[in-house]
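Contents: one structure, followed by commentary.
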Amino acid sequence: MAPGIQLTLLIGPTVPRPAPAALVEALQSVEVTHSDAGRSGFQLVLKLGRSGSTDLQDYKLLKDPLLQPFNRLVLTVTLNARVQVLMDGIITNQQFSPNVTPGGSTLTITGEDVSLMLDLEEKSVGHPAQDETIIATQILSQYSRYGLLPEIVKPPVVDRPSITERLPVQLVTDLQYLQALAQRYAYVFYVTPGPKVGTNTAYWGPPKRKTQPQRALSVNLGPQTNVESLNFENNALSATTIEGRVQDRKTNRQLPVQDLTSDRIPLVKQPALQSQSRVRRIQFRETGRDNLQASAYAQAMIDRSVDEVVSVSGELDTLRYGDLLQPRGVVGLRGVGYSYDGRYYVKKVTHRLRHGEYKQSFTITREGLGTTDLRVRV
């Protein structure tokens with residue numbers, strides 16, 4: 001890998017162990033993608049060759065039981081004497097590419113984070129007299145063998161129906177149900193590797209916009225520049241307000257539902273909802289809810305609409321940056337001017353490692369223009 005960076009591979013059917021030397025030596029490149037929506041994934045490219053009598057019938061690595069689907073794989077990166085878990089996942093796919101020239105064959109191993117195991121079985125389950133946080137806690141407790149550590153944030157409105165009122169029923173996989181419950185409040189659900197090898201954090205809650213900002217992304221700052229490319233998009237059609245009426249199922253009265261602002265922790269001085277001359281407006285058409293539930297659903301729709309008003313994609317050099325950019329948190333950007341400088345939510349990061357190189361491509365987002373920070377962490 002790149003100078004000053006050490007990549008460690010652990011692999012095995014249940015408890016991952018350090019990979020054998022032959023497997024490590026065959027490793028050509030690694031790609032890992034983390035996102036705040038959906039599962040994270042990884043891809044390893046291995047060089048295949050035949051040498052000796054044991055390889056006469058087939059490629060040795062192609063038959064290696066460690067590389068079989070549903071084995072567990074852990075990647076850690078050591079940078080600046082700090083070990084960080086880059087991926088804890090499950091192998092799902094093998095792609096063999098033979099080549100007519102000697103030494104040109106490759107085996108590509110693909111997989112996803114351990115939340116994949118929550119998405120393998122559709123279920124028909126009732127959750128009587130339980131709200132979303134209780135349901136999420138009970139579901140996640142079934143996967144302790146993957147080191148899942150639940151981190152669940154209670155929503156602003158607790159929806160715990162009585163047995164006589166209605167019965168929450170799950171008719172999908174555990175992962176799909178957790179994501180559907182999160183969507184009700186513009187929450188997210190994802191699994192991140194770590195903090196220690198063998199453990200994973202299962203987060204169900206709002207996007208983390210109140211975290212300590214990470215080391216700044218720097219542009220046009222001479223030797224302090226660490227970003228190699230940037231592209232900005234400002235979508236004026238994203239921000240949305242909502243209005244309408246709901247027939248309260250408890251009182252049977254028609255009540256107004258209206259929301260014009262977002263509850264997201266602000267990252268900018270000029271949020272699109274307040275600064276744009278025109279903003280999209282939609283009608284609230286949800287039925288069968290009481291007034292509090294309707295208001296919570298409306299608020300979630302507003303919050304989701306402003307999450308990606310401004311979207312920035314780019315790539316940085318890991319050695320110059322000096323750290324791993326973490327998704328699902330906040331980072332500062334400097335050197336591009338008042339409108340686009342400042343804090344952003346890190347939505348997606350893709351790590352690409354090969355011999356002599358470590359790049360990170362990223363997507364960061366926020367709800368408008370104008371920095372709120374005179375300084376950012378460097």
Side-chain angles (χ1 to χ4, degrees), residues 1-35 39-49 60-62 64-94 106-117 145-149 190-202 214-215 316-329 349-362:
M1 296 301 120
I5 296 175
Q6 179 181 337
L7 178 71
T8 302
L9 170 62
L10 297 90
I11 192 169
T14 51
V15 179
R17 305 293 185 187
L23 199 158
V24 175
E25 291 171 0
L27 188 61
Q28 285 191 315
S29 65
V30 173
E31 181 173 309
V32 174
T33 297
H34 294 292
S35 174
R39 293 193 292 268
S40 299
F42 65 87
Q43 187 174 86
L44 278 62
V45 178
L46 305 168
K47 184 177 180 180
L48 294 182
K60 188 175 181 180
L61 281 180
L62 203 60
D64 194 328
L66 290 175
L67 299 176
Q68 297 308 305
F70 293 102
N71 276 359
R72 191 170 170 186
L73 181 147
V74 176
L75 293 166
T76 68
V77 170
T78 304
L79 176 63
N80 297 327
R82 180 186 173 199
V83 179
Q84 300 184 60
V85 185
L86 186 61
M87 170 56 69
D88 187 340
I90 307 296
I91 297 173
T92 60
N93 183 275
Q94 288 187 354
T106 60
L107 176 65
T108 301
I109 302 298
T110 303
E112 301 177 358
D113 69 58
V114 296
S115 67
L116 164 73
M117 306 311 293
R145 62 187 177 278
Y146 299 104
L148 285 190
L149 306 174
Y190 51 74
V191 174
T192 58
K196 296 181 180 180
V197 175
T199 66
N200 290 274
T201 301
Q214 302 175 68
R215 184 171 298 181
L316 59 82
D317 182 275
T318 302
L319 281 176
R320 300 190 70 176
Y321 184 62
D323 206 347
L324 304 188
L325 182 62
Q326 301 294 336
R328 310 148 180 151
V349 179
T350 296
H351 303 259
R352 296 184 178 89
L353 298 90
R354 60 178 63 248
H355 292 289
E357 181 180 279
Y358 187 172
K359 305 288 186 182
Q360 298 179 67
S361 59
F362 56 85

Quiz item: Going through the checks in order, is the side-chain contact (heavy atoms from CB on, under 4.5 Å) test met by Arg72 and Ile90?
Solution: CA-CA 5 Å; Arg72 191 170 170 186; Ile90 307 296; 4.2 Å; yes

Answer yes or no: is there a side-chain heavy-atom contact under 4.5 Å between [X] and [Y]?
X      : Y      : answer
Val30  : Leu9   : no
Pro195 : Leu149 : yes
Asp323 : Arg82  : yes
Ile91  : Gln68  : no
Asp113 : Met87  : yes
His355 : Gln28  : no
Ile11  : Leu67  : yes
Leu7   : Leu27  : yes

Quiz item: How are the rings of His351 and His34 set to each other: parallel, tilted or perpendicular (split at 30° and 60°)?
Solution: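 Because their plane-to-plane angle is over 60°, the rings of His351 and His34 count as perpendicular.
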
Quiz item: Do you know the tightest heavy-atom contact between Leu61 and Ala26?
Solution: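 Of all heavy-atom pairs spanning Leu61 and Ala26, the closest is CD1-CB, 3.5 Å.
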
Exercise. Heavy atoms only: give me the nearest Asp317-Lys359 pair and the separation to one decimal.
Key: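 Between these two residues, the closest heavy atoms are OD2-NZ, 3.4 Å.
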
Closer than 3.5 angstrom, by distance alone: can the side chain of [X] be matched with the main-chain N or O of [Y] as a donor-acceptor pair?
X      : Y      : value
Asp88  : Val114 : no
Thr110 : Thr92  : no
Ser115 : Val191 : no
Arg215 : Tyr321 : yes
Gln214 : Gly329 : no

Quiz item: Would Asn200 and Val85 satisfy side-chain contact (heavy atoms from CB on, under 4.5 Å), going step by step from the backbone distance to the final call?
Solution: CA-CA 10 Å; Asn200 290 274; Val85 185; over 6 Å; no

